[in-house]
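Each ligand, and each atom within it, is numbered from 1 in the order the structure gives.
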Amino acid sequence: MPSLFEQSIYKLIVETSTNLPADVRRAITAAREAEDRSTRAGLSLTTIAQNIEMAECDVSPICQDTGMPTFVIHTPVGANQIVMKKEIRSAIAQATKDGKLRTNSVDSLTGSNTGDNLGPGTPVIHFEQWERDDIDVRLILKGGGCENKNIQYSLPSEIEGLGKAGRDLDGIRKCILHAVHQAQGQGCSAGFIGVGIGGDRTTGYELAKQQLFREVEDVNPIPELAKLEAYILDKANQLGIGTMGFGGNVTLLGCKIGVNNRLPASFFVSVAYNCWAYRRQGVLLDGSTHEIKSWIYEGGSNVSMKTAEDAVAEDVAKIAQEESEPAEVVLQMPLREEDVRRLKVGDIVRLNGVMHTGRDALHKHLMDHDAPLDLNGGVIYHCGPVMVKDRSGEWQVRAAGPTTSIREEPYQGDIIKKFGLRAVIGKGGMGKKTLTALQEHGAVYLNAIGGAAQYYARCIKKVKGVDFMEFGIPEAMWHFEVDSFTAIVTMDSHGNSLHADVDLDSRAKLEQFKDPVFL
Ligand SMILES: O=C(O)C[C@H](O)C(=O)O
Ligand code: SF4
C-alpha cells in the first residue's frame with residue numbers, strides 16, 4: 001500500500017494531466033467568445049473545449065504529450081525530502097502504468113524509452129524549505145512541442161521585424177513580441193507565456209517557467225511589468241496568428257513576467273511558451289498526515305466549457321446537417337491521387353480506414369530501410385499516442401493528438417516520394433521541401449488540432465497492429481483504423497500553404513510594433 005504522501009501525489013498527477021484548472025478554462029472560453037465560431041480558429045477552439053471536457057469525464061490525458069513532470073515543493077524544516085523524492089518517483093511510475101502519463105523519458109544517446117517516466121533528470125523535482133507546517137506541492141506538465149518554442153534573448157540585440165532592442169523595458173517588449181511571433185501555431189496556440197528578465201541563462205529560464213505557476217487572472221505587483229503584460233496580451237492578439245496558426249483574433253491567452261537581478265555584462269530575456277493545454281495544479285498537504293488539505297488552483301470541474309452560444313449552435317448545426325450536404329470531403333484510405341489533387345487549402349477532410357503513426361525515429365529509419373507494409377496511397381499521422389494494454393493483452397488508445405510536423409521536414413518530402421504517401425497529418429505545418437514534394441507527387445498536408453488527444457482517440461475504432469515497438473510507445477508505428485478522423489488541408493498539391501501565408505502576414509503585422517512604446 002503506497003504511503004499517504006504517495007497517494008496524494010498520485011492524485012495531483014492525475015488531476016493535472018486530466019482536468020484543466022478553472023483559470024485556464026475561463027481564458028479559453030473568453031477566446032472562443034472573441035473568435036467567429038465558423039472560422040477555422042473558431043472550429044478548433046470548439047474542438048479544444050470539447051476535448052477538455054472529454055478528458056475530465058474519462059479521467060484521461062488532455063493531451064497525449066504529458067510533458068516533463070516538474071514539481072516545485074515547499075516542505076517544513078527537517079522534513080525528509082529523500083523519502084519524498086522516492087515516493088514521487090513511485091507515483092509517477094504508477095500514473096504512467098495507468099495511462100495517465102505517456103512514457104516520456106528517453107535516453108538521449110541511445111533513444112531508448114525507460115517506459116516508466118523515470119530516468120536521469122526525469123521527473124524534475126525542486127525542493128525549498130519554509131517555516132510552515134504544511135507541504136506545498138505544485139506540478140506543471142509542459143509538453144515538448146511548446147517547450148521547443150521557448151526562446152532566450154541576449155540584449156542588446158537586433159530583433160527580426162522589430163529592429164534594435166536595447167537593455168531597457170522597450171527592448172524587453174520587442175523580445176516578447178518576437179517570441180510570440182516565432183512560435184506561430186507550432187506550440188499549439190493560443191498559448192500562455194512566462195517571461196524571466198535577468199538572471200543567467202539557466203536561472204532566466206527557471207524564472208520564466210516559474211511565472212507559469214501564477215494565476216492567469218492575477219495582476220503583477222510591479223506596475224511597469226503589469227503594464228507590459230497587458231500591452232503584450234493586447235498586441236500579440238493583433239498578430240493574426242490565431243489558434244493552431246490558422247489565423248484569427250486570439251493568439252495569446254496570458255503573459256506573466258518576472259524579474260531578477262543580472263550580471264553587469266549579461267541581460268537575458270527568457271521566454272517559456274506554454275500551449276493552451278496548460279496543465280498545472282498544486283496541493284497543500286497536512287505536514288504530518290500528508291493528506292490533501294486543499295487544491296492550490298481552482299479546479300476545472302466547476303467551469304463548464306460550454307458557452308451560451310453552444311446550445312443555439314447545436315440546434316443550428318442539426319438543422320444545417322439535415323438541410324444540406326456536409327461541407328467536408330469524406331475520403332477512404334488508402335487515398336487515390338485524383339481525389340487528393342482535387343483538395344485545396346481550407347478544405348475539411350474526414351478520413352476513414354487505416355492510417356499509420358510515424359514521428360522522428362520512424363522517419364529517420366524509413367530514409368534507408370523498407371517500410372514494414374505497403375504505404376502506397378497511405379497516410380502517415382505524426383502522433384505519439386498514450387497506449388495501455390488491457391487485461392486481455394489488447395492495446396487500447398488513451399490519447400492520440402498530433403505532434404509538431406516541422407521536425408520531419410528534412411525527411412518528409414523524400415518519404416512521400418519513396419513510399420507513395422498521399423497525405424501526412426500533423427500540426428503546425430511544414431516547409432518548402434515538403435510543399436514541393438506534395439506538388440510533385442500529388443499529396444496533401446492535413447493539420448489536426450494540436451492537443452485534442454481525447455477527441456482524436458475517439459475516432460480510432462481499432463488498433464490494427466504495431467511495428468517498431470523497440471522505438472518506444474510514442475515513436476512506434478501504430479496502425480489505427482479510424483472513423484471520421486477530421487483535419488484541415490493547410491498545404492495542398494497546388495503549391496499553397498496556409499502556414500507560409502499566416503507567417504508572412506503576421507510578420508508584416510509585427511513590424512507595426514517597431515516604434516518605441518516604453519521610454
Ligand atoms: O510529443 C507529442 O506528442 C507532441 C508534442 O508536445 C508537440 O507539441 O509536438
Ligand atoms: S501537442 Fe500541443 S497541446 Fe500537446 S503538449 Fe504539445 S504543444 Fe501542448
### Query
Aromatic rings Tyr445 and His382: how do their planes relate, parallel, tilted or perpendicular, breaks at 30° and 60°?
tilted
### Task
Would you check whether Arg359 has a nitrogen or oxygen atom less than 3.5 angstrom from a nitrogen or oxygen atom of ligand 1?
yes
### Query
Based purely on interatomic distance, does Gly384 place a nitrogen or oxygen under 3.5 Å from a nitrogen or oxygen of ligand 1?
no
Protein residue, atom and distance nearest to [atom], heavy-atom basis:
{"atom": "atom 2 (Fe) of ligand 2", "value": "Cys188 SG, 2.3 Å"}
{"atom": "atom 1 (O) of ligand 1", "value": "Arg102 NH2, 2.9 Å"}
{"atom": "atom 6 (Fe) of ligand 2", "value": "Gly145 N, 4.0 Å"}

## Note on the structure
Counting from 1 in the order shown, the ligand 2 atoms closer than 4.0 Å to a non-hydrogen atom of Asp65 are 5 (S)
### Message
Which of the numbered atoms in ligand 1 are under 4.0 angstrom from any heavy atom belonging to Thr404?
### Response
7 (C), 8 (O), 9 (O)
### Query
Any Lys/Arg nitrogen of Asp483 or Arg350 sitting under 4.0 Å from an Asp/Glu carboxylate oxygen of the other?
no
### Message
Looking at Lys97 and Asp116, is any side-chain nitrogen of the basic one under 4.0 Å from a carboxylate oxygen of the acidic one?
### Response
no
### Query
For Gln186, is the nearest heavy atom under 4.0 Å from an atom of ligand 1?
no
### Query
Where's the contact between Lys142 and ligand 1, heavy-atom distance under 4.0 Å: side chain, backbone, both or neither?
neither
### Query
Any N/O/S of Cys275 under 2.8 Å from atom 2 (Fe) of ligand 2?
no
#### Entry: Quiz item: cation-pi between Arg280 and Tyr278, 6.0 Å / 45°
yes
With a 4.0 Å cut-off on heavy atoms, does [X] reach ligand 2?
{"X": "Arg279", "answer": "yes"}
{"X": "Cys146", "answer": "yes"}
{"X": "Gly187", "answer": "yes"}
{"X": "Lys427", "answer": "yes"}

